[in-house]
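This report refers to the structure that appears directly beneath it.
Side-chain atoms are counted along with the backbone in the values below, which use heavy atoms only and exclude waters and symmetry mates.
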Amino acid sequence: MQENRKLDNELADFTDKLLAGETTQASSDIEDLARVVTHLHDLIEPAAKPSAEFRARLAQRLDQEWDQLQADRARSNAERVRSNAEGVRPAPKTVPHRSRTGSWSTIGGWRRNRLTRLASMAAAIAIVAIGALLLIGPESPPAQGSANGALSVPVIVGIAVVAGVGLVLFWLSQRGKS
Amino acid sequence: MNSDGNEEILAKRAQQGDREAFNELYDLYIDKVFNRVKSKVPPQYVEDVTQEVFIAVLRSLHRFEHRSRFSTWLYTIVNRQIADFYRNRQRTHTDQAVDLDNVEHLLFDPAFSEYGEERGLVQKAFATLPEHYQDVILLRFADGLTFADIAEERNQTLEAVKSLYRRAIQALRDEMGV
């Protein structure tokens, strides 16, 4: 154990001195190992560095490679963005995504506004019609065959108009759901 | 000496497109990579393989996930490029299928060695060493770390590292048959 440790230290010291460029004589205990270390030193001499010319050439080559890689990546990113954009079907501008859930949405609001306008118009027509009939009502003959025999024509017309408006609204609402 | 924390930050910055950070990594590692390549490749090809290593690092840097140290990841690329070099050399000399696990050993055949026989012998023996033996030798010779630095790097005691080093040199001696 102690002997091995002594050999370990001797060989390490010999190696350190050789690599530091100092001439050293190995003891007989490590002579054969020292010869191997010398061979190794000839093969891999740490002090031997790549020439300045090679360093400059390689640095230049790496610069070119770097530029090429950056350009390739920028191009491939741009292509990816473009293909993503082309791959997804754009939603119609007037129909936002959530309108496909069936609930009222922007387009539903538009329909609702249209319905409101139609309903308002129908109500206005009904009011005008009922008003006009009321004005001429007292001179109108009573309706024949009614349940109480007292309903006047304006009342019947008014009920018909209101029923008509209700039917129109119902039809429009059903159309909006389909 | 251990600047891994800084290297991890540099690697991250380089991944984010910071060219200056990559240049710093290049400056930190050019000598070490060059010496590692030199330990396994004939001298006339060392510059070419070193260049291929750095180009491979640049191209695959975005895949480095920081699960290991940057140096560990980098040296994996060094070894892969060296294997590729010998694989390509083998293809130019023979049409036979290449055994990728033994490619380095096949190509350290003296007939294939294009430079000094002794140097070829050391390289061949070195390539047959177990990885942990190669590692301690490369850390001392190629990377220029002191034994104390290696102990810190490997999280071992100085005595353990010196012992490992002596056993590595003994194994190399046995392989060389000297």
If I compare all heavy atoms of [X] with all of [Y], which pair ends up nearest, and what's the gap?
| X | Y | value |
| --- | --- | --- |
| B:N35 | A:I44 | O-CG2, 3.6 Å |
| B:E47 | A:S51 | OE2-OG, 4.0 Å |
| A:D8 | B:E159 | OD2-O, 4.5 Å |
| A:P50 | B:D31 | CD-OD1, 3.3 Å |

Taking side chain as C-beta onward, heavy atoms only, is [X] less than 4.5 Å from [Y]?
| X | Y | answer |
| --- | --- | --- |
| A:D63 | B:R19 | yes |
| B:M176 | A:H39 | yes |
| B:N23 | A:W66 | no |
| A:F54 | B:T50 | yes |
| A:R35 | B:R173 | no |
| A:D16 | B:T146 | no |
| A:N4 | B:R166 | yes |

Heavy-atom distances under 4.5 Å only: say whether [X] touches chain A with side chain, backbone, both or neither.
| X | answer |
| --- | --- |
| B:Y26 | side chain |
| B:L138 | side chain |
| B:R59 | both |
| B:L158 | neither |
| B:F34 | side chain |
| B:R167 | neither |

Testing A:V36, A:V37, A:L33 one by one against B:L172 for a side-chain contact (heavy atoms from CB on, under 4.5 Å), which residue passes?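 Single pass found, and it is A:V36.
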Best-contacting candidate, B:V161, B:L58, B:D27, against chain A by heavy atom pairs under 4.5 angstrom: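 The answer is B:L58.
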Inter-residue atom distance [X].[atom1] - [Y].[atom2], 0.5 Å rounding:
| X | Y | atom1 | atom2 | value |
| --- | --- | --- | --- | --- |
| A:Q68 | B:I55 | CD | CD1 | 11.5 Å |
| A:R55 | B:I30 | CZ | CD1 | 6.0 Å |
| B:F141 | A:L40 | CZ | CG | 4.5 Å |
| B:K162 | A:L7 | NZ | CG | 12.5 Å |

A:L11 versus chain B, heavy atoms under 4.5 Å apart: side chain, backbone, both or neither?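 For A:L11, backbone and side chain are both near chain B.
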Could you tell me which portion of A:L62 (side chain, backbone, both or neither) has an atom closer than 4.5 angstrom to a non-hydrogen atom of chain B?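 Backbone plus side chain of A:L62, per the 4.5 Å heavy-atom cut-off to chain B.
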Tell me if the [atom1] atom of [X] is crowded by more than 12 foreign heavy atoms within 6.0 Å.
| X | atom1 | result |
| --- | --- | --- |
| A:Q25 | CD | no |
| A:Q60 | CD | no |
| A:E79 | CD | yes |

